[in-house]
Amino acid sequence: MIVMIRPDVSPEKIEHLIKWLRDKKLIVKEFHGQQQCVLGLIGNTKCIDKDMLKSLDIVESVADMPETFKASNRKMHPEDSILRLVSGNGPAIGGGNFALIAGPCSVESRSQLIGIAQEVKAAGANFLRGGAFKPRTSPYDFQGMGSEGIDLLLEARAETGLPIVTELMYLQNLDLFIEKGIDVIQIGARNTQNYDLLKELGRCTKAPILLKRGLAGTIKELLMSAEYIMANGNENVILCERGIRTYEQDYTRNTLDLSAVPVLKSLTHLPVIVDPSHSTGRSDLVPSMTLAAIAAGADGIIVEVHNDPANALCDGAQSLTPEAFAALSAKIDKLREALA
């Protein structure tokens with residue numbers, strides 16, 4: 001349920017109403033725009049008389065919210081959310097703050113990671129991505145360096161100042177990620193509907209969660225996964241379109257659903273970013289899909305960059321070289337300037 005408060009109502013009266021609603025065991029989300037306050041009510045709203053609520057002199061209107069996603073709904077929070085790191089340092093994401101996330105698919109060695117981190121930062125990246133734990137289709141493929149990879153990411157952060165983005169696969173590793181101070185915790189496509197994991201992320205950390213769309217997930221399913229995190233206390237969620245599985249198998253790894261970007265932007269206040277690397281599986285398609293995603297309104301891009309793609313231990317075919325990433329970054333700047 002959405003409650004629009006009349007303009008120029010005193011904070012004391014609004015707080016009194018909020019207290020009354022919370023006494024009814026409702027979760028109240030409070031948003032202050034430029035003109036007025038909006039209250040979003042989550043829970044068993046049948047416990048209150050809607051007509052009585054409408055009759056209050058401080059209430060302008062009351063509307064039901066038929067969508068099953070509540071906390072992430074733009075009706076709850078009309079303006080774009082701006083997410084910041086727990087540390088308070090580093091770039092913000094959303095609300096006009098663009099996230100350019102770049103780095104190797106997997107952490108392979110100190111020299112590889114530090115070198116790539118330095119090069120992507122010089123080219124304009126403001127976040128470093130890198131997988132320490134890797135979900136692989138084959139049990140015989142490289143599975144990542146594990147906790148040693150986390151330590152190398154932390155070293156790269158200290159060396160370059162870039163906040164790090166890395167994937168959490170297992171609930172038992174959550175304490176490690178929190179202890180190490182991972183800046184942005186990525187949840188991959190295979191774990192998008194791991195609801196026990198999502199609930200714990202809501203309860204246990206305030207770090208931004210980069211939530212990727214499932215391999216064949218609908219837009220609604222992605223939003224409901226975000227809802228699991230937000231309903232349990234962590235409202236810092238970044239949605240990521242990373243391609244979905246369709247009939248096409250010969251020429252692209254997945255099908256990049258760019259229409260999801262404006263659709264999501266209309267439905268939710270959360271930042272929406274795009275992964276052109278995993279969606280296409282081809283480095284030659286990454287630049288054009290990146291620029292198309294920005295034109296569609298994406299709040300950021302997450303791109304794979306490797307210093308030696310031909311010999312990468314993971315996903316070399318979709319990785320840009322540092323030189324190609326630098327050229328793409330320059331085009332991103334020009335396009336964003338033209339769209340401003």
Side-chain angles (χ1 to χ4, degrees), residues 1-5 18 21-22 24-31 33 37-51 53-54 59 61-81 83 94 171 185-206 208-245 257-274 297-299:
M1 185 178 289
I2 303 294
V3 181
M4 299 289 292
I5 304 299
I18 290 173
L21 291 167
R22 286 176 175 159
K24 298 290 185 180
K25 308 302 182 185
L26 295 172
I27 298 171
V28 182
K29 302 290 184 180
E30 185 178 1
F31 174 76
C37 174
V38 178
L39 302 180
L41 310 184
I42 301 174
N44 181 19
T45 54
K46 294 179 181 179
C47 67
I48 57 175
D49 186 330
K50 188 163 68 173
D51 291 330
L53 195 57
K54 287 180 181 178
V59 174
S61 64
V62 178
D64 288 323
M65 192 166 61
E67 297 91 349
T68 50
F69 56 96
K70 309 294 184 183
S72 61
N73 201 306
R74 188 172 284 279
K75 293 176 184 176
M76 285 278 196
H77 192 297
E79 295 183 11
D80 289 346
S81 283
L83 306 190
L171 184 57
I185 299 175
Q186 176 181 312
I187 299 300
R190 294 170 178 82
N191 268 322
T192 301
Q193 291 180 298
N194 183 343
Y195 298 127
D196 287 339
L197 176 60
L198 300 182
K199 286 187 283 189
E200 285 304 308
L201 285 167
R203 297 186 187 113
C204 295
T205 181
K206 296 299 180 185
I209 308 301
L210 195 163
L211 180 66
K212 288 196 167 186
R213 187 176 179 180
L215 295 170
T218 66
I219 289 173
K220 183 176 180 180
E221 286 170 338
L222 175 60
L223 288 168
M224 291 309 300
S225 292
E227 202 76 13
Y228 267 93
I229 300 169
M230 300 177 76
N232 282 280
N234 184 355
E235 299 187 351
N236 299 313
V237 179
I238 304 157
L239 303 176
C240 181
E241 165 57 41
R242 50 80 67 204
I244 51 176
R245 184 166 292 173
D257 182 10
L258 284 178
S259 65
V261 177
V263 170
L264 285 167
K265 296 289 286 184
S266 71
L267 293 172
T268 180
H269 54 90
L270 299 175
V272 180
I273 72 169
V274 170
D299 296 297

Lys220, NZ atom: more than 12 neighbouring heavy atoms under 6.0 Å: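 No, the 6.0 Å shell around NZ holds no more than 12 heavy atoms from other groups.
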
Sequence neighbours excluded - salt bridge (Lys or Arg N to Asp or Glu O under 4.0 Å) pairs with any residue from residues 191-205: Asp196-Lys199, Glu200-Arg203

Glu227 versus Ser72, side-chain donor and acceptor atoms under 3.5 Å: yes

Minimum-distance pair of heavy atoms, taken over all atoms of Glu221 and Ala216: OE1-O, 4.3 Å

Ignoring hydrogens and angles, tell me if any N or O in the side chain of [X] forms a donor-acceptor pair with the backbone of [Y] under 3.5 Å.
X: Ser225; Y: Thr192; result: yes
X: Lys50; Y: Met1; result: no
X: Arg74; Y: Lys265; result: yes
X: Gln193; Y: Tyr195; result: no
X: Asn234; Y: Met230; result: no
X: His77; Y: Gly40; result: no
X: Arg213; Y: Gly217; result: yes
X: Asp299; Y: Val272; result: yes

Salt bridge present between Lys75 and Glu67 (N-O < 4.0 angstrom): yes

